[in-house]
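Only a predicted model underlies this, so the values are computations on that prediction, with no experimental measurement involved.
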Amino acid sequence: MATSTESVFRSEGVPGKERFDCWRELVGRTRDSEVTSAHADDFRAEMRRLELGPVTLLRTSFPPTRFQRTARRVRRSDQGVFHLTLLLDGGFALTRDTGRTETFGRGNLHMLDSSHPFDLRAFGTRAQAPEDLRIEAVGIDFPTALLPLPAHRVHELLGRGFSAREGTCALLSDFLVGLDRQAAALGPAETPRLGGVVVDLVAAWLARELDAEAALPDDTRRRALVENVRGFVARRLHDPELTPAVIAAAHHISVSYLHRLFTRHSGGETVAAFVRRRRLEKAHRDLADPALRDLPVHAVADRCGLPRAAEFSRAFKSVYGLSPSEHRRQALAGTG
């Protein structure tokens, strides 16, 4: 079910001749451009819009389409918005006002500014059959005024492609994909905070690319560091040696500073408590997964960095009110 901050568009629920116009109108709310497609007469697309305060998250799937923002259109109406896009499948060919064309593939991230013209062609991949050509992407739109970096420096990075598999860019990309997956479960009270986190991560990523981290406000750096810690923990839950000391060393800070920083930005939750909670949550999900039904309970716990069976069972029951085995039986009942 969509929350009050989320809207979902699916073309199968719209008469054929109206599908393209409906989808184009949704895109145009934050990405104003001339949108054309050879598939307009039978436009099969999906889009989820999630409002995160002043930030808009877009997740869309659509056939080959062209987006043109001309200089005349910029002069006529400029929303002052950054458009950041992570390409999940398909390809982009981007021509900007410099005349240079860049191509992006799966796993590339790029950013545009509504104040500058662009011509973006979205196309499928050779691996896709002609009738199945699709572009899959997730992105965010947010006011340029929110980014705490000099505009002339940010301009150096506009239109360039970056790998979503490396460094702070990987953390940002993982966060965007995670937000999309959790969109339906997010309530209006928490979405503005998440919008601020996204902008902090964008700022941290761009500052690192520009070697301008000193230009970031202290609060932005601290919040981005906390998200780095959370991402680091999520990737290493399987490691039983994941301790606050290990986490602090990986981020080149002291353990005491890690504790102060994390507790301040996590509603009082300590680093150790966060690690424990995430491990138990993963175990809870994995035990309910039919694909893992043949994996012994102790092996599931091992995968979550909880190798001591008795301690795991006690901790699990204290949180969920059932033993791991009882939870698995209930969750898998009737799944075949």
Side-chain angles (χ1 to χ4, degrees), residues 2-7 26-27 29-31 47-60 79-88 107-114 136-149 151 154 157-158 160 162-210 212-213 215-235 261-262 264-267:
T3 69
S4 61
T5 63
E6 180 196 18
S7 59
L26 284 173
V27 172
R29 290 181 186 178
T30 50
R31 300 195 173 197
M47 178 185 289
R48 176 187 289 117
R49 289 175 57 91
L50 181 66
E51 304 300 335
L52 307 168
V55 179
T56 299
L57 177 79
L58 301 173
R59 170 65 168 92
T60 189
Q79 299 164 305
V81 172
F82 282 128
H83 311 303
L84 184 145
T85 304
L86 170 64
L87 188 57
L88 302 175
N108 283 161
L109 184 147
H110 73 276
M111 193 165 82
L112 295 172
D113 184 341
S114 67
E136 305 279 344
V138 61
I140 56 167
D141 298 329
F142 62 96
T144 57
L146 291 183
L147 196 63
L149 288 168
V154 174
L157 303 180
L158 295 179
R160 288 175 48 185
F162 296 87
S163 171
R165 301 180 182 88
E166 302 172 1
T168 309
C169 190
L171 174 65
L172 170 61
S173 300
D174 288 346
F175 194 83
L176 292 178
V177 172
L179 272 180
D180 172 60
R181 289 174 179 164
Q182 297 297 319
L186 298 175
E190 57 190 321
T191 48
R193 180 189 68 81
L194 292 171
V197 171
V198 172
V199 175
D200 287 337
L201 291 177
V202 173
W205 161 54
L206 295 175
R208 178 159 295 188
E209 295 292 341
L210 294 168
E213 290 165 293
L216 290 177
D218 290 343
D219 279 350
T220 297
R221 286 203 301 271
R222 286 192 287 262
R223 288 191 295 262
L225 178 55
V226 169
E227 292 307 318
N228 266 295
V229 168
R230 291 191 177 112
F232 182 84
V233 168
R235 294 189 297 273
L261 181 70
F262 196 87
R264 175 182 173 185
H265 290 278
S266 298

Side chain to side chain, [X] and [Y], heavy atoms closer than 4.5 Å:
| X | Y | result |
| --- | --- | --- |
| V233 | R235 | no |
| H265 | E227 | no |
| L58 | T30 | yes |
| F175 | L194 | yes |
| V202 | F142 | yes |
| V197 | L52 | no |
| F162 | L157 | yes |
| L176 | L84 | yes |

Have a look at D141 and tell me which of R49, H83, Q79 forms a side chain to side chain contact (heavy atoms under 4.5 Å, CB included) with it.
H83

Closer than 3.5 angstrom, by distance alone: can the side chain of R230 be matched with the main-chain N or O of V226 as a donor-acceptor pair?
no

Distance-only, no hydrogens or angles: does the T85 side chain make a donor-acceptor pair with backbone N or O of G139 under 3.5 Å?
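Judged by distance alone, no pair lies under 3.5 Å.
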
Measuring from [X]:[atom1] to [Y]:[atom2], what's the distance to the nearest 0.5 Å?
| X | Y | atom1 | atom2 | answer |
| --- | --- | --- | --- | --- |
| C169 | L86 | SG | CG | 8.0 Å |
| R223 | D200 | CZ | CG | 4.0 Å |
| T60 | D180 | OG1 | CG | 10.5 Å |

Looking only at non-hydrogen atoms, find the nearest pair between [X] and [Y] and report the distance.
| X | Y | result |
| --- | --- | --- |
| S163 | N108 | CA-ND2, 4.3 Å |
| S173 | L109 | OG-CD1, 3.5 Å |
| V27 | M47 | CG2-CE, 3.1 Å |

Should the heavy atoms of other residues, nucleotides or ligands under 6.0 Å from [atom1] of [X] be counted, would the total exceed 12?
| X | atom1 | value |
| --- | --- | --- |
| R165 | CZ | no |
| R29 | CZ | yes |
| Q182 | CD | no |

Salt bridge (Lys or Arg N to Asp or Glu O under 4.0 Å) between R208 and E213, intermediate numbers included
CA-CA 6 Å; R208 178 159 295 188; E213 290 165 293; 3.4 Å; yes

R31 and T56: side chain donor to acceptor below 3.5 Å
no

